[in-house]
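Take a look at the structure set out below.
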Amino acid sequence: MGSVDLKIIALVLGTIGFYTLVANAIPQVQSEVPAEADFGADVTAEELVDVGLSLYEGAGGCTACHAESPGARAPNLLTDYRGQGTIGARCGNRVPGLACKDYLHQALSDPTTHLVDEYPPIMPSVARTMDSQQVWAIVAYLESNGGEVTVTAADIQADAVGATGSVAGGAPAGGGAAAGPAVAGEDPVQITQTLCVMCHQIGGQGVALGPPLDGIGSRLSAEQLRTAILDPAASMAVGFEQMSGIMPATFGSQLTAGQLEAVVRHLSGLQ
Amino acid sequence: MKESSRFDAGLAPGRVLAAVLLSGIVLLAGMAGPLLAQGYTPPTYGADAPFVGSRAAVWIVAQVHLMFAAFVLGVPMFAVIAEAIGIWGKDARYDKLAKEFTRLLLVAYSATALLGGLFVFLLTTLYPALWSYMSEVFRISMWIYAGLFFAESATLYIYYYGWDHWKAGRAKLGHWGMGILLNVWGTVVMFIANSWLTFMMSPPGDLTPDTAPATVQFWSAFANATWMPINIHRLIANAVFGGAVVAAYAGYRFLKATSDEERAHYDWMGYVGNFIAIGVFLVLPFAGYYLGREIYEYNQQMGVTMMGGFMSWLWIVQAFLIGILFLAGNYYLWLGLGRIPGGERFAPYTKWMLLILVLGVIVWATPHSMIADREELAAMGGTHHPFLGVLGVMSAKNTAVNLMILTTFLSFLLYRRANKNPTVSWAGTGTMTQGILLAVCAGIVLFYGVYGYFVPAIVRIGFSVYQVLAVLFTIIAVLTLDVLIARGAQSRGAIQWGKMPPRSQYALFVLLVTFTWLMGLMGFARSGIRQHWHVYEVIRDTSEYAATPALGYAAQIISACVLVFLAMISFVFWIGGMIAKPELTTAKAPPGAAPLASTTGNNPDAEPGLGSGLHPAPGH
């Protein structure tokens, strides 16, 4: 091996070493896997907020856009925004009639529903990359910034039972839960109390996001009810046009045929 | 020229092994479907790879395989172009050059196949569930891929071994057609493989973790959102890479040359390789923009992760590397002026061009937002540095890049003009027009760069299009003028091939190492933006290697890949050198060498180095 070979080897090693050195000299940031959350029935607000914080600043990638600096790609969440306060303080006022946690959950799961003026619709659905527990943890963390944490184990439990039938209609959790009935049995009361009341009120129970189901049997035929469940975008109740697209179109795959017919019969009976 | 019989004997085991491994791929692809159909559930992860772990093992083998693949796809492009110049330009040197590299291709091809086989072996044993899923979705294309690989191999052997047999008339054209066919096979093979990796990056939006792979529509998976942008980007990058490897090979042979004739030959070859590498490289940023835009179109979060998330500093390193490519490429051209009579009159301009390039690199490598803790953020008043933040935005970066491209083009233009004395009556006006065009273009680029600070982001993004169009228009217009001005030009003397300082050849090595390292870095960027997903938002990586590593660790892996590749390609060249010495050809200079000596018919328009005679520098 002559001097030319040695010079070339030295040059190649030196160049590669230099590049490696440069890449190691700059700030090192690893993209972490979102921490698995396994909240029990006695989960506390502090636990939710802790997990939410780690997701918000870490694997969730939220800070890439919701930065605190001018020129950020998305609204600032952790400091005052146009005199409305931090996100925990202003979230309850964003959509009339929508509680803070429901608004935040919706904004995370179906971000195009409520866009903030001046910002492009670039936010992806967090529900595609995180499971429902992680989404609720982020909601709790955001509430904690200037507001009261109202997320409870019941929210998480209801979401888990409803699988994809959450208020926001998020996609299935990334973990890959097996497809199948969202609820067990064919008791229509139990099904409606589990799934429908997350967006509809029945007898004063539930969230008034969509039209109340009291008396729905006198307004819609059984066929119309079936269509409304399977293909919610086909028509919208008068006065709720702005809610178009919110109701998940996935009940056809979540309910068995027997469950669907039981629900249709039950709703038809609500005269 | 007779080839050594050792060649066949030496390659046979590699070819046999490659064929066995490829057959294995086909069998595995075929088996996966029936297994799944029978309800077989493969284990999610196999045994961990010893020493480096599964992720690094797959990463290194895949990356080195890709580097070889880029070489064996890039060189055929290089070869058919060179052969075409040889045929229609009636310049035998290009024909020899094309054959010399096709010979190296044979050995590199076997190495590519072996690495591909090893890659499949690692995937099937370390990530069996992912392999089963992918082979279920892409089974048809995997069969076609394997079949085309055999067709490509056969074409390559016919192309190479038929070189001396079909060397004249229609037979030569038919031989060149085989070269074209070789490129077609290679391109189709690459497009198929690209569909697999881009599917992992951008699967159809209606896929969920619950979607059974058997129900995925093949074409929607195949022609996914980033497939064509990656195809285009890789096609261009392969040509660049092929040119860089050729140039470095020539540089090595130049440094080891024992005669003026040999030195002249390899100086010329190095120039041609570098010309292709840098020339095609100038187009690559536009393909990169297209790819980036499609990534944003597909998934905003992926785009943000890539440019503004944890990968934001990767682009600073990329800018640094591309800056070195610009500097090394221009440095080589400037040194090349020394071997052209008349080139010395342009030497004073080089320091100003160097200044522009250095300033451009500095601006381009300025980070947009700083990774800092809360105290530092508070001190800065945000993530932007109070002073440097102004330079870190796209307005400044786009301006810097376009001015660097324009400067490199100017270097090339001076190189072209170096030994010409224009004789057309309007030469002065034409040259002045060229200068005005370049100045106006620089003005347009600067104007939109500055104006970008005063408009909203959505408007600012559009300005980059105006800047790029201005640069492209100027390059085409100025080059056209230059060709017209050079018609009938007198020569100041023939290029003294071989009269290059040794440091110029080392610059070619810096270019190759940097191109290769950059390829590894961009591979990490493309793959890393999937983060903890094997198939983005469809198949989650739940292994212990799911986290996407920081740039420091990635750099170590990339460096390992580059070292392995360079060691293997050196071995390939060494083997290639053992087979046969290339036949050097020296075009005789016409007496007096007054016009630009050229085997293309004394054409004064001929590009220095791409059509001029090969004259060893005396006493060198």
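Convention: sequence-line order gives letters A, B, ...; per-chain numbering from 1.
- Interface remark: of the candidates A:I8, A:L21, A:T15, A:I8 forms the most heavy-atom pairs closer than 4.5 Å to chain B.
- Taking the six-membered ring where the residue is Trp, the centroids of B:Y331 and B:Y506 are separated by 6.0 Å or more.
- Comparing A:V22, A:V12, A:I16 by heavy-atom pairs within less than 4.5 Å of chain B, the highest count is held by A:I16.
- The line from CD of A:Q134 to OG of A:S54 is 9.0 Å long, rounded to the nearest 0.5 Å.
- In this structure, B:I324 CD1 and B:W517 CH2 are separated by 10.5 Å, a value rounded to the nearest 0.5 Å.
- For A:L11, the part sitting under 4.5 Å from any heavy atom of chain B is the side chain, from C-beta outward, and nothing else.
- Of the listed residues B:T514, B:V510, B:I558, the one with more heavy-atom pairs under 4.5 angstrom with chain A than any other is B:T514.
- Using a 4.5 Å cut-off between heavy atoms, A:L13 contacts chain B through its side chain alone, with no backbone atom that close.
- B:Y252 places no side-chain N or O within 3.5 Å of a backbone atom of B:Q505 that could act as its donor or acceptor partner.
- Salt-bridge check for A:D80 with A:R90: failed, with every basic side-chain N at 4.0 Å or more from each acidic carboxylate O.
- Heavy atoms of B:I539 lying under 4.5 Å from chain A are absent altogether.
- Here A:Y141 contributes atom OH and A:I87 contributes atom CD1; the two are 11.5 Å apart, rounded to the nearest 0.5 Å.
- Of the two parts of B:Y553, only the backbone, made up of N, CA, C and O, holds a non-hydrogen atom closer than 4.5 Å to a non-hydrogen atom of chain A.
- Interface residue B:L321: only side-chain heavy atoms are found under 4.5 Å from chain A.
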